[in-house]
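What you see is a predicted model, and the numbers here were worked out from it, not measured in a lab. Heavy atoms only: backbone and side chains are in, while hydrogens, waters and symmetry mates are out.
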Amino acid sequence: MERPSWQQYFMEMAYLVSKRSTCLRRKVGAVLVRDNQIIATGYNGSPKGVPHCSEIGCLREQQNVPSGKNHELCRGVHAEQNAIIQAAINGSSTRGAILYCTNQPCSICARLIINAEIKTVYIAETYPDELGEELFREAGVELIQFDLKSNTLKKLI
């Protein structure tokens, strides 16, 4: 039996976390790691105590909002945001951490990642957000695509 790489280990966990998502459009999971130890996880869904889209329907679908546009027109909190929030609630610093995420962060999440001083983001699937990529480039945040099937890395930024 072959032992998984750290990237494979944490990315598989991100996919497991994504199964908790209540989003009707895209299930996303994130795992925040420092020194190969998990400090927080997050998945996309409505804020605590607020009805989930899976219960009341998707605001974005109701308003015909295309993917990648008008992120503010959504009831959900993104997986990356929830991971950073959980780290804060639990008193864990994100400085120098690594984020594993099933999908590439949007520009809103990119800004939070930069200010949380997360230095590397591994993603499984890309997402077309040029502003997010530009912000990562300017801030020196590494963006690396990890292919779970072949266990290979591709540096995007």
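For the pair D147 (side chain) and K149 (backbone), a donor-acceptor distance under 3.5 Å is present. Judged purely by atom type and a 3.5 angstrom limit, Q81 uses its side chain to pair as donor or acceptor with the backbone of H78. No donor-acceptor pair under 3.5 Å is formed between the side chain of Q86 and the backbone N or O of A83. Without hydrogens or angle criteria, R25 side chain to C58 main chain gives no donor-acceptor distance under 3.5 Å. Here the side chain of N44 pairs a donor or acceptor atom with the backbone of R26 at under 3.5 angstrom.
When hydrophobic residues (I, L, V, M, F, W, Y) are linked wherever their side-chain heavy atoms come within less than 4.5 Å, the members clustered with L73 are V65. Alongside L16, the hydrophobic cluster contains no other residue (criterion: ILVMFWY side chains under 4.5 Å).
Each of V33 and I123 belongs to its own hydrophobic cluster when Ile, Leu, Val, Met, Phe, Trp and Tyr are linked at side-chain heavy-atom distances under 4.5 angstrom. L32 and I98 are not part of a single hydrophobic cluster, where members link through side-chain heavy atoms under 4.5 Å apart. Tracing side-chain contacts under 4.5 Å through hydrophobic residues (I, L, V, M, F, W, Y), one reaches L131 starting from V121; they form part of the same cluster.
Scored by the side-chain hydrogen bond (donor to acceptor under 3.5 Å, both in side chains) test, S5 finds N151 as partners (sequence neighbours excluded). Applying the ring pair (Phe, Tyr, Trp, His ring centres under 6.0 Å) criterion to Y15, with sequence neighbours excluded, gives no partner residue. Qualifying side-chain hydrogen bond (donor to acceptor under 3.5 Å, both in side chains) partners for R20, counting only residues two or more places apart in sequence or in other chains: Y43.
Applying the 6.0 Å contact sphere to CG of N36 captures more than 12 heavy atoms from other residues, nucleotides or ligands. No more than 12 heavy atoms of other residues, nucleotides or ligands shown are found within 6.0 angstrom of CD on E2. Annotation for E55: atom CD counts as buried by contact number, over 12 foreign heavy atoms lying within 6.0 Å.
The aromatic ring centroids of Y122 and Y100 lie less than 6.0 Å from each other.
The aromatic rings of W6 and Y9 sit perpendicular, their planes meeting at an angle over 60°, well past the 30° parallel limit.
Sorted by first and then second residue, the side chain to side chain donor-acceptor pair (under 3.5 Å) pairs involving residues 108-119 (not counting sequence neighbours) are R95-E117.
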